[in-house]
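One is the number of the first residue; the rest follow in order along the sequence. Computed from heavy atoms alone, side chains included, the values below leave out hydrogens, waters and symmetry copies.
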Amino acid sequence: MATAGKVIKCRAAVAWEPTAPLMMEEIEVAPPQEGEIRIKVVATGVCHTDLYHLFEGKDKRGFPTVLGHEGAGVVESVGPGVTDFKPGDKVIPLFLSQCGECKFCKCPKTNLCDRNWSSKYHDIMSDPTTRFTCRDQPILQFMGTSTFSEYTVINQIAVAKIDDDAPLERVCLLGCGISTGYGAAVNTAGVTPGSVCAVFGLGAVGLAAVMGCKNAGASRIFAVDINEQKFEKAKVFGATDFLNPKRTALESCVKGWGVSVLVGWTDVKDFSARPIQLISGKTWKGSLFGGFKSKDSVPNLVCDYMNGKIKLDEFITHKMSLEQVNDAINLMKTGQCIRCILNISK
């Protein structure tokens, strides 16, 4: 492409400081370096983790930044040493890398990667190395991705090549929320046919967990949320019973073999449990990206969607332009949408 090897000037929504509205800016995106890929972002979802960094985490060291980590796009150019991607490939950026070489990548028991940005910089949610500049200052790349920009540069270990026929404005959701919730059920919790499950919180991640429980053969699925308006949506994904919560998730587990899985990104508050809850045989686990090894699994999840095995369209409640990003954030913040898709570029 004509832009290969050159700095690209493009639109991006920049978060200059915590809690402030995002500002539409012209940023400069440098060419990809060794092992990197520059991607033209086509579409992105707005995820609560973006809101967490903006409104809850509030670590000023993580700003200014370009948020967004649930995107899909097309490879514009590749840096030296990149052999598995070429311009024109459809791809999904990954906030969780898979280098294939570290002890975690080689272990089938986990999907963690030692080379992921979170290994050292989970507090600021970005690696200090960035290919973005604006107003002559570096702009951080949130979670190593930054999809609220027309272009982004990502290490090849954090990019998944997907089917050429995949609709980018839908499969972008597999970059975070849907994979996270779905995998928490089918991988981390290990839901089996006949299981009785409860899902606490019916945002996109929770609804995806409901879908995972359904696909794994659960006999009953309790959808639990303080917003009862979400119950109808939960039915679409397979929920059978609906509750306004009175007990915590761990306490709701059956003793002996019950499993409670903590999903979602937050580091604001502590939590605790009474020892008897675990002594009685319950298991309390955490799940990152649904336990999926990212580069290996995301292309398969895209195929599952295209073959009708998993739902994506039903999660999308709003579609907006990049310039409307603050409206989309407000919808998410006030619980008025499940997923809003931002159209970034054609």
Side-chain angles (χ1 to χ4, degrees), residues 1-14 26-44 62 64-102 104-105 111-122 124-134 137-162 164 168 172 174-176 289 293-299 344-345:
M1 294 186 179
T3 50
K6 302 176 182 178
V7 172
I8 291 178
K9 293 183 178 181
C10 70
R11 297 175 307 137
V14 177
E26 181 181 78
I27 70 169
E28 295 82 41
V29 183
Q33 302 302 303
E34 181 76 26
E36 295 178 342
I37 299 169
R38 188 159 61 183
I39 298 167
K40 181 178 183 179
V41 181
V42 172
T44 184
T65 186
V66 173
L67 298 173
H69 62 285
E70 199 174 70
V74 179
V75 174
E76 175 269 340
S77 61
V78 301
V82 175
T83 57
D84 294 338
F85 298 87
K86 65 182 185 304
D89 284 345
K90 286 187 174 182
V91 292
I92 291 179
L94 304 167
F95 74 86
L96 178 61
S97 60
Q98 184 185 349
C99 72
E101 299 173 353
C102 70
F104 296 104
C105 283
N111 64 340
L112 300 182
C113 175
D114 231 3
R115 292 176 62 186
N116 202 53
W117 59 268
S118 60
S119 296
K120 296 181 180 179
Y121 306 108
H122 71 275
I124 63 172
M125 302 193 74
S126 301
D127 189 310
T129 302
T130 178
R131 303 292 172 231
F132 290 171
T133 55
C134 182
Q137 64 175 299
I139 306 295
L140 295 175
Q141 293 185 231
F142 180 66
M143 298 180 79
T145 54
S146 288
T147 54
F148 292 177
S149 171
E150 289 183 294
Y151 288 86
T152 189
V153 177
I154 304 175
N155 192 300
Q156 63 180 337
I157 66 173
V159 180
K161 182 180 176 181
I162 61 173
D164 286 338
L168 298 179
C172 61
L174 292 169
C176 182
F289 198 57
K293 286 187 179 291
S294 56
K295 284 178 70 75
D296 291 343
S297 299
V298 166
I344 306 298
S345 55

So, taking the atom named [atom1] in [X] and the one named [atom2] in [Y], what distance separates them when rounded to the nearest 0.5 Å?
X: F148; Y: I344; atom1: CZ; atom2: CD1; value: 7.5 Å
X: F95; Y: T145; atom1: CZ; atom2: OG1; value: 9.0 Å
X: I27; Y: S146; atom1: CD1; atom2: OG; value: 8.0 Å
X: Q156; Y: D84; atom1: CD; atom2: CG; value: 6.5 Å
X: Y151; Y: S345; atom1: OH; atom2: OG; value: 6.5 Å
X: H122; Y: M143; atom1: NE2; atom2: CE; value: 12.5 Å

- Message: Is there a side chain to side chain contact (heavy atoms under 4.5 Å, CB included) between I37 and V91? Walk through the geometry before answering.
- Response: CA-CA 10 Å; I37 299 169; V91 292; 5.8 Å; no
Can you name the nearest heavy-atom pair linking [X] to [Y], along with the distance?
X: C10; Y: V29; value: SG-CG2, 3.8 Å
X: K293; Y: C105; value: NZ-O, 3.2 Å
X: V153; Y: P32; value: CG1-CA, 4.0 Å
X: D127; Y: L140; value: O-CD2, 4.0 Å
X: F132; Y: T130; value: N-OG1, 3.0 Å
X: G175; Y: I92; value: CA-CG2, 3.9 Å

- Let me see the working for S97 and N155 under side chain to side chain contact (heavy atoms under 4.5 Å, CB included), right down to the final yes or no. CA-CA 9 Å; S97 60; N155 192 300; over 6 Å; no
Does [X] use its side chain to pair, donor to acceptor, with the backbone of [Y] at less than 3.5 Å?
X: T152; Y: I39; answer: no
X: T44; Y: E70; answer: yes
X: K295; Y: I157; answer: no
X: S126; Y: G62; answer: no
X: S294; Y: L96; answer: yes
X: T147; Y: H69; answer: yes
X: S77; Y: G5; answer: no
X: K40; Y: G73; answer: no

- Item | Candidate pair L168 and V74, rule side chain to side chain contact (heavy atoms under 4.5 Å, CB included), full reasoning | CA-CA 9 Å; L168 298 179; V74 179; 4.1 Å; yes
- Query: Given I8, which of R38, R131, E28 fulfils the side-chain contact (heavy atoms from CB on, under 4.5 Å) condition?
  - Reply: R38
- Item | Flag side-chain contact, heavy atom, 4.5 Å: T65 against L67 | yes
- Is it true that the side chains of D296 and Q98 contain a donor and an acceptor less than 3.5 Å apart? yes
- Query: Given the rule in the side chain to side chain contact (heavy atoms under 4.5 Å, CB included) test, do T129 and Y121 qualify, once you have shown the distances and angles that lead to the verdict?
  - Reply: CA-CA 11 Å; T129 302; Y121 306 108; over 6 Å; no
- Query: Does the pair E150/R11 count as a salt bridge with the N-to-O cut at 4.0 Å?
  - Reply: yes
